[in-house]
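Convention: sequence-line order gives letters A, B, ...; per-chain numbering from 1. Note that these values count all heavy atoms, side chains included, but never hydrogens, waters or copies made by symmetry.
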Number of protein chains: 2
Amino acid sequence: MATPTPDRALPLRERKKQRTFRALADVALARFTERGFDEVTLEEIVDEVEISKRTFFRYYSSKESVALAAEAELWLAYVAEFTATDLHGDVLTALRTALTTAITGMDEDWPRRFLATRRLVAGHNGLRKHSLVMAAHHQEQIVEQLEAKLGRDGREDVRLRLLGEIVFGAYRVGAKNWTAGRGKGAGSRGKGGRATLSARVGEAFDAVSDAVALAAD
Amino acid sequence: MATPTPDRALPLRERKKQRTFRALADVALARFTERGFDEVTLEEIVDEVEISKRTFFRYYSSKESVALAAEAELWLAYVAEFTATDLHGDVLTALRTALTTAITGMDEDWPRRFLATRRLVAGHNGLRKHSLVMAAHHQEQIVEQLEAKLGRDGREDVRLRLLGEIVFGAYRVGAKNWTAGRGKGAGSRGKGGRATLSARVGEAFDAVSDAVALAAD
DNA sequence: AAGAAAATGGCACCGAGTGGCAGTATGCCA
DNA sequence: TGGCATACTGCCACTCGGTGCCATTTTCTT
């Protein structure tokens, strides 16, 4: 399951690599979900995929990063989507649309893997760390794109970086609600996962200006 | 240097602990700055402070966390400050004021240590990780305070968490500019460090609504 | 002065991650 | 089709951060 035949057109070596790459992520996610991130050793995963530990580190840079493969895919898609967007009108809206588009465009079984990933992240400090850093990394790429598209320098115009923070902040809020809001096992079927996540993220974006304007008393 | 006599009123045991705690942070920051985070081993630090490795981990939970002691102090002060604030009127402004107040209220030599810390963070992935997680942790505490003060639940009212994201986002933007914006060696003298940082963070907050409203074309 | 409580030290140990090199598979070209 | 160059992989030894356990020392209390 979840190890679709890699693109037939690619050279043999490349296909093999893709399969290993994917198999590692799948096996790791399964074991981590079953028994917890800390309780599963790298050796175990590596044995199951029949690969040496040394080779593992040529595919993934750390134990954490293999656990977060699904999230990494999303960021890759988002950066690609936004890069391909041409910007006019409201910038925050454009950033938002690219994100929801990326989400709804993910694989069939991505929501299942992503949900499992988010649950791992929610319960483990080291994974949370890695997840934040990964997001921050792609946030920088988004800001670079913004600079390019707007012809402005983020070091002078604070707003670009702020937009980055806001976009990824809204994402975190939306994703958190999505992860918390569904009973066990749901999200594995259909495209409901993607649409719902997209909706949650949308709600977060909607609330941004209200949040800024929020008053006590 | 930078190891002020701990409060005389405290019991001896407590004073000793504080001194060790502080000595570890100082020595660590010095060595890391001299030779880089990865090139300094824990054993080295521990030897210099004349403490066992085992004991080190009763003071700091990781090698990273001792490097980020100065940043931790800021978050502690911020949470305390905001907790003591009573909320009325614009919430974002209150959050912002508490932060700048916390900054300007830091130790005399805090800016020096904090600047050194930020430079380490800027050049090291693992440290960036830890720094982000630490911020996220205190962000949660701030949101909890918000919930308490406003009598609302962050799971229902998305705006509370969004405010958390925005505040810490603005902080990151401001702090980044502050760190980048000063020549070598500056920031060690006077209270300039604190005032300037506070100003940079302020600028970031000022730009939030402009960022949200930013339009292309 | 004595004993409880807290802090420390020392050790053995685990597992993630790396460097280096030898072996093996794959792609390419004659 | 054979053979060579170039990935890619496996193995091994090693470093270092981090933890569990228990004995020892230090501080607080009365």
- prompt: Rounded to the nearest Å, what distance is computed from the CZ atom of residue Phe21(A) to the C1' atom of nucleotide dC8(D)?
  reply: 16 Å
field: side chain to side chain donor-acceptor pair (under 3.5 Å) partner of Gln141(A), the single match among Glu144(A), His138(A), Gln145(A), His137(A)
entry: His137(A)
- request: List in chain and number order the residues that pass ring-ring contact (aromatic ring centres under 6.0 Å, His included) with Phe21(A), two or more places apart in sequence or in another chain; answer none if no residue qualifies.
  value: Tyr60(A)
task: Could I get the full list of ring-ring contact (aromatic ring centres under 6.0 Å, His included) partners for Phe82(A), not counting sequence neighbours?
output: none
- prompt: Rounded to whole angstroms, how far apart are CD1 on Ile45(B) and C1' on dG18(D)?
  reply: 14 Å
- request: Would you tell me if any nitrogen or oxygen in the side chain of Lys16(B) comes within less than 4.0 Å of OP1 or OP2 on dT27(D)?
  value: yes
task: If the plane angle is over 60° it's perpendicular, under 30° parallel, otherwise tilted; pick one for Phe168(A) and Tyr78(A).
output: tilted
task: Output yes when Asp38(B) and Arg31(B) qualify as a salt bridge under the 4.0 Å nitrogen-oxygen rule, no when they do not.
output: no
- prompt: CZ of Phe57(A) versus C1' of dC8(D): gap in Å, rounded?
  reply: 17 Å
message: What is the separation between atom CG on Leu127(A) and atom C1' on dA16(C), rounded to the nearest whole Å?
response: 14 Å
message: Checking Phe37(B) now: which residues fulfil ring-ring contact (aromatic ring centres under 6.0 Å, His included) with it, not counting sequence neighbours?
response: Phe32(B), His124(B)
Pair listing, salt bridge (charged side-chain N to carboxylate O under 4.0 Å, His left out) test, anchored in residues 60-74 of chain B, at least two apart: Glu71(B)-Arg118(B), Glu73(B)-Arg113(B)
task: Can you tell me the distance, in whole Å, between the NZ atom of Lys63(A) and the P atom of dT18(C)?
output: 15 Å
message: Using a strict threshold of under 4.0 Å (side-chain N to carboxylate O), is an ion pair present between Arg194(B) and Glu108(B)?
response: yes
- prompt: Glu43(B) has an atom CD; how far is it from atom P of dG9(C), in whole Å?
  reply: 14 Å
Atom pairs, N/O to N/O, protein against nucleotides 3-6 of chain C, distance under 3.5 Å?
unit_1 : atom_1 : unit_2   : atom_2 : d
dA6(C) : O4'    : Arg13(B) : NH1    : 3.3

- request: Tell me which residues in residues 48-56 of chain A put a heavy atom below 4.0 Å from DNA chain D, sorted by number, or none.
  value: Glu50(A), Ile51(A), Ser52(A), Arg54(A), Thr55(A)
query: Is the closest side-chain heavy-atom distance between Arg172(A) and Leu132(A) below 4.5 Å?
result: yes
message: In whole Å, I'd like the distance from the CG atom of Leu24(B) to the C1' atom of dG17(D).
response: 15 Å
task: Have a look at Ser62(B) and say if it touches a base, only the backbone sugar-phosphate, or nothing, with a 4.0 Å heavy-atom cut-off.
output: sugar-phosphate
- request: Could you state the atom-to-atom distance from CZ of Arg58(A) to C1' of dT18(C) in whole Å?
  value: 10 Å
- prompt: For Tyr59(B), which contact category applies under a 4.0 Å heavy-atom criterion: base, sugar-phosphate, or nothing?
  reply: sugar-phosphate
